[in-house]
Asker: 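Sharing a structure here in structure tokens format.
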Amino acid sequence: MVNHKPELSPRQKQILKELGDCDDEMSGQQLHRALQDRSFSMGLTTVYRNLRGLQQKGMVRCRNLPTGEVLYAPVERDQHHLTCVNCGQTMVLRYCPLKNIELPKAQTKNFDLLFHTLEFFGLCKNCSEQKKLPSVTL
Ligand SMILES: [Zn+2]
Ligand SMILES: [Zn+2]
């Protein structure tokens, strides 16, 4: 694997800082607002364009929620999530089950791996209890 130190534009640096300062993941919209609050505002399309650039450099990871929303986080934050398909509540899985996984060399030798995603879906405690209640008409 190549150890690259990519050149970042001032906007990309600011986006990366914003993502790093936030304990949680951020959507493009949230980033857009956070940048505005720091008077570093840029248009929403510019935010998305720079996020894409950061992803291509392997600096930012993203994941897609069932709602279609996309959340971004710094690539070194290797966290995965348990998401409730009913209410969308998310729990962070602090251990990465893929940490030391070996991919078949034959398939990855011509591929510079930057990040991975892994999602778990199910019902949270609340929602599974609600589902068990008799005669609930929706
Ligand atoms: Zn739920
Ligand atoms: Zn992981």
Side-chain angles (χ1 to χ4, degrees):
M1 197 162 145
V2 205
N3 208 355
H4 32 214
K5 242 201 157 72
E7 288 277 313
L8 297 184
S9 71
R11 280 174 170 166
Q12 289 176 335
K13 279 184 195 153
Q14 189 63 30
I15 287 176
L16 207 57
K17 185 184 171 332
E18 219 57 63
L19 287 172
D21 288 350
C22 182
D23 285 335
D24 211 353
E25 305 156 292
M26 294 177 96
S27 67
Q29 295 273 5
Q30 287 172 317
L31 256 172
H32 180 242
R33 268 196 303 272
L35 290 164
Q36 240 163 13
D37 291 346
R38 288 187 206 266
S39 11
F40 205 100
S41 71
M42 54 183 102
L44 193 56
T45 42
T46 309
V47 172
Y48 283 115
R49 198 179 57 238
N50 284 289
L51 278 168
R52 183 157 164 68
L54 285 165
Q55 254 182 287
Q56 287 166 330
K57 292 183 164 86
M59 313 284 291
V60 161
R61 61 166 65 241
C62 72
R63 67 185 184 105
N64 297 274
L65 295 185
T67 54
E69 200 179 16
V70 184
L71 295 175
Y72 300 86
V75 78
E76 62 272 13
R77 204 182 290 162
D78 193 5
Q79 288 179 341
H80 300 286
H81 301 83
L82 308 171
T83 304
C84 176
V85 289
N86 195 49
C87 69
Q89 192 195 299
T90 293
M91 264 173 19
V92 176
L93 191 69
R94 300 210 176 261
Y95 163 75
C96 174
L98 297 178
K99 194 112 221 163
N100 297 311
I101 207 162
E102 284 278 349
L103 294 175
K105 290 258 185 324
Q107 286 191 277
T108 51
K109 68 172 187 242
N110 295 319
F111 187 78
D112 189 9
L113 189 65
L114 298 174
F115 68 93
H116 62 258
T117 63
L118 173 70
E119 302 287 333
F120 298 93
F121 296 99
L123 287 169
C124 72
K125 193 162 180 282
N126 258 341
C127 292
S128 66
E129 271 164 15
Q130 270 170 32
K131 293 243 152 119
K132 277 181 214 138
L133 289 180
S135 69
V136 180
T137 35
L138 295 169

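All of these numbers come straight from a predicted model, not from anything done at the bench. When a ligand or atom number is given, it counts from 1 through the structure's own listing order.
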Asker: Can you give me the SG-the Zn ion (ligand 1)-SG angle for C124 and C84, to 10°?
Answerer: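 Once rounded, the angle between the two atoms at the Zn ion (ligand 1) is 110°.
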
Asker: Taking everything shown except R52 itself, do over 12 heavy atoms lie less than 6.0 Å from its CZ?
Answerer: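 Result for CZ/R52: open.
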
Asker: To check you understand the geometry: which heavy-atom pair defines the closest contact between H81 and Q79, and what is its length?
Answerer: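 Closest approach of H81 to Q79: CE1-O, 3.9 Å.
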
Asker: With rounding to 10 degrees, what does the angle C87:SG / the Zn ion (ligand 1) / C127:SG come to?
Answerer: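 Here the angle at the metal atom is close to 110°, to 10°.
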
Asker: Hey, which protein N/O/S atoms does the Zn ion (ligand 2) have under 2.8 Å?
Answerer: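 Sorted hits: D78 OD1, H80 NE2, C96 SG, H116 NE2.
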
Asker: If you take all heavy atoms of S128 and L123, which pair is closest and at what distance?
Answerer: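 What the structure gives for the nearest pair is CB-CB, 4.1 Å.
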
Asker: Hey, is D37 close enough to R33 for a salt bridge, meaning N to O under 4.0 Å?
Answerer: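 Between R33 and D37 there is no salt bridge, as every charged N stays at least 4.0 Å from the carboxylate O atoms.
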
Asker: Between R61 and V75, which heavy-atom pair has the shortest distance, and what is it?
Answerer: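 Minimum heavy-atom contact is NH2-O, 3.2 Å.
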
Asker: If you count heavy atoms of other groups shown closer than 6.0 angstrom to CD of Q107, is the number above 12?
Answerer: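 No, because the 6.0 Å sphere around CD of Q107 holds 12 heavy atoms or fewer from other groups.
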
Asker: Distance check, rounded to the nearest 0.5 Å: K57 atom NZ versus L114 atom CG?
Answerer: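 Between atom NZ of K57 and atom CG of L114 there are 12.0 Å.
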
